[in-house]
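The structure appears right after this line, and notes come after that.
Chain identifiers are assigned alphabetically (A, B, ...) following the order of the sequence lines, protein sequences preceding nucleic acid strands; residue numbering begins at 1 within each chain.
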2 protein chains.
Amino acid sequence: MATLNDTADLSFTASQGKGQADAPLTKPQAMVTVDIVVLTVQDWELKVLLIKRAHAPFQGYYALPGGFVRAEEALEDAAFRELREETGTEDLYLEQLYTFGDPGRDPRGQVVTVAYYALVPADRSPLLATTDVASAHWFPISGLPALAFDHARILACAVTRLRNKLEYTTVGFELLPRKFTLTALQRLHEAILGKALDKRNFRRKILSLGLVMPTKEMEATGRKPAQLYSFRQPG
Amino acid sequence: MATLNDTADLSFTASQGKGQADAPLTKPQAMVTVDIVVLTVQDWELKVLLIKRAHAPFQGYYALPGGFVRAEEALEDAAFRELREETGTEDLYLEQLYTFGDPGRDPRGQVVTVAYYALVPADRSPLLATTDVASAHWFPISGLPALAFDHARILACAVTRLRNKLEYTTVGFELLPRKFTLTALQRLHEAILGKALDKRNFRRKILSLGLVMPTKEMEATGRKPAQLYSFRQPG
DNA sequence: CCAAAAGTGTTAGGAGTACACCCATGG
DNA sequence: CCATGGGTGTACTCCTAACACTTTTGG
């Protein structure tokens with residue numbers, strides 16, 4: 001079942017323009033937020049970035065980073081902006097996940113949240129813990145505190161999506177440093193899928209995909225030096 | 001232009017993270033709509049239900065059925081409500097697709113739309129054309145008119161999703177009558193995927209899945225009568 | 001009896017899975 | 001020299017894909 005390509009086909013173009021005298025909309029409005037499930041792998045465990053809420057509602061609870069979409073701001077731009085505010089970088093894999101809008105999910109009123117998930121390479125995630133957001137911490141997804149709002153559901157949705165995409169795309173690569181050993185890649189997959197994989201089968205499969213190439217470097221940390229690989233750039 | 005009324009001033013706070021005094025956000029409200037890509041198969045062609053717009057903007061253009069999410073209404077409820085309004089039934093497969101919120105996608109202002117897609121069984125789709133919405137018509141996916149807003153993009157997104165899900169789920173069943181021949185099922189798959197399939201391989205695969213069972217009826221319309229199948233109910 | 005669609009098996013290649021040992025190095 | 005993780009091959013099964021003829025009926 002290993003199909004490689006997955007990129008969403010957004011090839012059609014929208015017919016633009018034609019806005020004439022606009023009937024001003026006196027229509028129901030809601031608040032729109034983005035929430036971001038920031039995931040990484042540390043110590044071969046899948047972890048999520050959570051922030052302790054300083055204010056009501058759910059004061060003291062942990063929550064996913066997120067915030068309101070500003071006027072005239074694209075959803076994805078809002079997600080990247082929040083990502084930068086909470087993690088200090090925008091240079092991360094980001095993908096829209098699902099949109100949640102059940103009444104009652106936020107006690108302050110009708111809040112529709114567009115959930116995204118982001119992947120932080122393992123070698124960069126320690127940096128994020130030291131950003132200005134003092135109350136942000138990584139939590140292993142097994143072993144979570146109680147979460148604010150419906151964030152537990154959103155998080156579960158993200159983990160499921162990641163597991164599924166791992167099997168037919170190359171998202172896993174977004175969680176590793178630029179150079180990595182095949183064992184590291186395998187540990188990553190095992191951490192996300194939550195099960196052990198056969199070493200020989202895994203290596204054969206990865207190599208047969210032709211997406212990685214050996215570098216000239218070896219990793220000397222272990223006993224026997226391990227070959228470092230990098231992702232073959234498109235082109 | 002976009003006269004966003006700001007009646008409800010709830011003075012929200014921007015951050016869920018910074019533990020300091022929060023600058024109240026300007027106007028964190030937007031309009032939220034649902035748009036529904038209603039798909040069916042007629043004459044072994046994948047078709048979509050479009051509605052001719054009676055008012056600006058995009059007056060006279062065809063658009064996906066959709067409308068505003070009401071106060072205190074769940075997104076999915078709004079989608080089902082629109083579905084009933086435009087098609088006369090709610091008893092259809094419905095799945096959230098993606099959320100679009102680019103600034104400028106609606107000339108009237110900031111409108112975030114949560115797109116859904118719905119599947120109408122082939123034997124029920126003719127009924128829908130006769131509902132009260134006189135301007136609603138089925139259009140083959142190849143051979144579309146110019147669409148309002150960014151609806152072409154939303155539609156493309158739905159078709160891609162359907163094609164992908166066809167390969168690893170049973171969504172295809174949602175487009176067929178309760179009893180159907182294997183040839184009909186194959187034609188359906190061919191219509192959606194846009195390519196021919198081998199008859200023997202297709203039948204073997206479908207039967208091996210164990211999801212369908214032969215009924216006691218035959219379809220007499222063709223030359224040689226064909227076995228009618230139905231979906232095996234869970235349990 | 002002919003046109004039209006229904007139905008049916010075999011083979012070859014590729015992918016996944018299960019499984020056990022030797023190798024290079026640091027301490 | 002030994003503990004640790006790196007690295008390798010084979011056999012079996014299963015799924016996929018290619019491929020052609022016979023059967024049943026209506027007209």
Residue mapping more 5' on DNA chain C - nearest nucleotide basis, A:S208 or B:R203: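 Looking at DNA chain C, the more 5' nearest nucleotide goes with B:R203.
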Counterpart residues, salt bridge (charged side-chain N to carboxylate O under 4.0 Å, His left out), relative to A:D150 (two or more places apart):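 For A:D150 the salt bridge (charged side-chain N to carboxylate O under 4.0 Å, His left out) partners, ignoring immediate neighbours, are A:R105.
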Which residues share a ring-ring contact (aromatic ring centres under 6.0 Å, His included) with A:Y116, sequence neighbours left out: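 For A:Y116, no residue satisfies ring-ring contact (aromatic ring centres under 6.0 Å, His included) once neighbours in sequence are set aside.
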Atom-to-atom span, [atom1] of [X] to [atom2] of [N] - whole angstrom:
X: B:E219; N: C:dA4; atom1: CD; atom2: P; answer: 18 Å
X: A:K199; N: D:dG9; atom1: NZ; atom2: P; answer: 13 Å
X: A:L197; N: C:dA18; atom1: CG; atom2: C1'; answer: 14 Å
X: A:D198; N: D:dT8; atom1: CG; atom2: C1'; answer: 12 Å
X: B:M218; N: C:dA5; atom1: CE; atom2: P; answer: 16 Å
X: A:E167; N: C:dG16; atom1: CD; atom2: P; answer: 11 Å
X: B:K205; N: D:dC14; atom1: NZ; atom2: C1'; answer: 14 Å

Set of side chain to side chain contact (heavy atoms under 4.5 Å, CB included) partners for A:L207, sequence neighbours left out: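 A:L207: side chain to side chain contact (heavy atoms under 4.5 Å, CB included) contacts with A:L182, A:V212, A:Y229.
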A:R204: partners by side chain to side chain contact (heavy atoms under 4.5 Å, CB included), with sequence neighbours left out: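 With sequence neighbours excluded, A:R204 shows a side chain to side chain contact (heavy atoms under 4.5 Å, CB included) to A:N201, given in chain and number order.
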A:R204 side chain near D:dG9 phosphate (N/O to OP1/OP2, under 4.0 Å):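 So the side-chain polar atoms of A:R204 never come under 4.0 Å of the phosphate oxygens OP1 or OP2 of D:dG9.
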OP1 or OP2 of D:dC19 under 4.0 Å from side-chain N/O of B:R200: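 So the side-chain polar atoms of B:R200 never come under 4.0 Å of the phosphate oxygens OP1 or OP2 of D:dC19.
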DNA chain C-proximal residues of residues 181-196 of chain B, any heavy atom under 4.0 Å: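 Heavy-atom cutoff 4.0 Å gives B:T183.
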Where the side chain of [X] is defined as all heavy atoms beyond and including C-beta, which of [options] is the nearest nucleotide?
X: A:K224; options: D:dT4, D:dC19, D:dG6; answer: D:dG6
X: A:R223; options: D:dT8, C:dG26, D:dT24; answer: C:dG26
X: B:N201; options: D:dC19, D:dT24, C:dA24; answer: D:dC19

Side-chain heavy atoms of A:F180 within contact of A:F231, under 4.5 Å: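 When only atoms from C-beta onward are counted, A:F231 and A:F180 do touch, with a gap below 4.5 Å.
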Residues B:R81, B:E73: salt bridge by 4.0 Å N-O rule: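 Salt bridge present between B:R81 and B:E73.
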ring-ring contact (aromatic ring centres under 6.0 Å, His included) contacts touching residues 191-219 of chain B (sequence neighbours left out):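 Every pair satisfying ring-ring contact (aromatic ring centres under 6.0 Å, His included) with a residue in residues 191-219 of chain B: B:H189-B:F202.
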